[in-house]
S.K.: 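Before I ask anything, let me first share the structure, which is written out below as structure tokens.
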Amino acid sequence: PFRGSVTLDGPSGTGKSTVARGVAARLGAAYLDTGAMYRAATVAVLDSGVDPADAEAVARTVAEAGIVVGTEAGTERVEVGGADVATRIRGAEVTRAVSAVSAVPAVRRQLVAQQRALVAGAEAVVVEGRDIGTVVLPDATLKVYLTAAPEVRAQRRAGQLGVTDAAEIAALAVDLRRRDEYDSSRADSPLRPAADAVVVDSSDLSQAQVVDRIVLLAETAV
Ligand code: C5P
């Protein structure tokens, strides 16, 4: 069996979450979605009424929020202060605000510490995010950076949301680009491939093919 850690980083709309779940299932590994943690932090900030531009207040709110992200008996759990926010974190309001909240260094410090503690308890784990290979787990067994052409990513996101209207797809593409630019240009832990990451371009691959490729890489990386 696989023992160790696989990091999966990359921009939005690459099919990263589906691939990460698939790889974890095939390797018999735990799965951690760090984006869900930043999204849960964003729920706490939105509900607190603090000014999102006030980094200190944002960090304090996140520290006190009681963020729980994990998988138990195959069910993914996302909670803020005991409330189930698994559906709400995927909504437009949270998606709009999440990059600003996750650019606050004190927020990242807290969530990175929480991520490392969760990973430390697992024999085998797949961790998905933006900075996992570069910052969170620099000694991971295998680091993968998943990309896809921008048009492909917008199409996939549209498929997930059931959007078929061309203008709406174009708006999704704009939103993806805005979030990626924000995530890639922030000072703290910007989105970029680790020097030792394997870059996988999924533009012309099915999700099953991407999973196969990463499982093979993981099994030969041990
Ligand atoms: O992966 P997902 O789209 O759910 O991530 C939402 C946002 O959370 C990203 O756009 C990024 O701003 C932030 N994020 C991050 N670092 C991570 C995971 C997510 O900054 N490790």
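All ligand and atom numbering here is 1-based and tracks the order in the structure.
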S.K.: Under a heavy-atom criterion of less than 4.0 Å, does Met37 contact ligand 1?
M.R.: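 No.
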S.K.: Which residue and atom name correspond to the protein heavy atom nearest atom 18 (C) of ligand 1, and how close is it?
M.R.: Thr34 OG1, 3.4 Å
S.K.: Identify, for atom 4 (O) of ligand 1, the protein heavy atom at the shortest distance, and state residue, atom and that distance.
M.R.: Arg39 NE, 2.6 Å
S.K.: Keeping Asp131 on the side-chain end and Thr134 on the backbone end, is there a donor-acceptor pair under 3.5 Å?
M.R.: no
S.K.: Mind checking whether Gln115 has a heavy atom under 4.0 Å from ligand 1?
M.R.: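 No, Gln115 has no heavy atoms under 4.0 Å from ligand 1.
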S.K.: Provide the number and element of each atom of ligand 1 under 4.0 Å from a heavy atom of Ser99.
M.R.: 10 (O), 12 (O)
S.K.: Out of all atoms in ligand 1, which are within 4.0 Å of some heavy atom of Ser102? Include the element for each.
M.R.: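 Those qualifying, in numeric order: 11 (C), 12 (O), 13 (C), 20 (O).
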S.K.: Backbone, side chain, both or neither: what part of Ser12 comes under 4.0 angstrom of ligand 1, heavy atoms only?
M.R.: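 It is neither; nothing of Ser12 touches ligand 1.
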S.K.: From the options Val135, Asp183, Val98, select the one whose nearest heavy atom is closest to atom 8 (O) of ligand 1.
M.R.: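 The nearest heavy atom belongs to Val98.
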S.K.: Just one of Asp9, Asp33, Asp183 clears the salt bridge (Lys or Arg N to Asp or Glu O under 4.0 Å) bar with Arg130, so which one?
M.R.: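 The salt bridge (Lys or Arg N to Asp or Glu O under 4.0 Å) with Arg130 is passed solely by Asp183 among Asp9, Asp33, Asp183.
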S.K.: Tell me the contacting part of Arg179 for ligand 1: side chain, backbone, both, or neither, using a 4.0 Å heavy-atom threshold, strictly below.
M.R.: side chain
S.K.: So if you build clusters from Ile, Leu, Val, Met, Phe, Trp, Tyr with side-chain heavy-atom gaps below 4.5 Å, do Val126 and Val215 land together?
M.R.: yes
S.K.: Any idea which protein heavy atom is nearest atom 21 (N) of ligand 1, and the distance to it?
M.R.: Asp131 OD1, 2.8 Å
S.K.: Show the atoms of ligand 1 that are less than 4.0 angstrom away from any heavy atom in Gly129.
M.R.: 18 (C), 21 (N)
S.K.: For atom 16 (N) of ligand 1, find the nearest protein heavy atom and state the residue, atom name and distance (0.1 Å precision).
M.R.: Arg108 NH2, 3.0 Å
S.K.: For ligand 1, which part of Arg186 has a heavy atom less than 4.0 Å away: the side chain, the backbone, both, or neither?
M.R.: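 Only the side chain of Arg186 comes within reach of ligand 1.
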S.K.: Against Ser202, only a single residue in Arg156, Gln207, Gln209 fulfils side chain to side chain donor-acceptor pair (under 3.5 Å); can you say which?
M.R.: Arg156
S.K.: May I ask you to decide if Ala173's main-chain N or O and Arg153's side chain share a donor-acceptor pair within less than 3.5 Å?
M.R.: no
S.K.: Using a 3.5 Å distance criterion without hydrogens, assess whether the side chain of Glu79 forms a donor-acceptor pair with backbone atoms of Gly66.
M.R.: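 Not confirmed, Glu79 side chain does not pair with Gly66 backbone.
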S.K.: Under a 3.5 Å distance rule, please check whether Arg39 uses its side chain to pair with a backbone N or O of Ile89 as donor and acceptor.
M.R.: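 Side chain of Arg39 to backbone of Ile89, a donor-acceptor pair under 3.5 Å: yes, one is there.
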S.K.: Would Leu111 and Gln115 satisfy side-chain contact (heavy atoms from CB on, under 4.5 Å), going step by step from the backbone distance to the final call?
M.R.: CA-CA 6 Å; Leu111 295 186; Gln115 288 156 17; 3.9 Å; yes
S.K.: Between the main-chain N or O of Arg3 and the side-chain N or O of Glu123, is there a donor-acceptor pair closer than 3.5 Å?
M.R.: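 Checking the backbone N and O of Arg3 against the side chain of Glu123, no donor-acceptor pair under 3.5 Å is found.
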S.K.: Could you identify the single nearest non-hydrogen protein atom to atom 1 (O) of ligand 1 and state the distance to 0.1 Å?
M.R.: Arg130 NH1, 3.0 Å
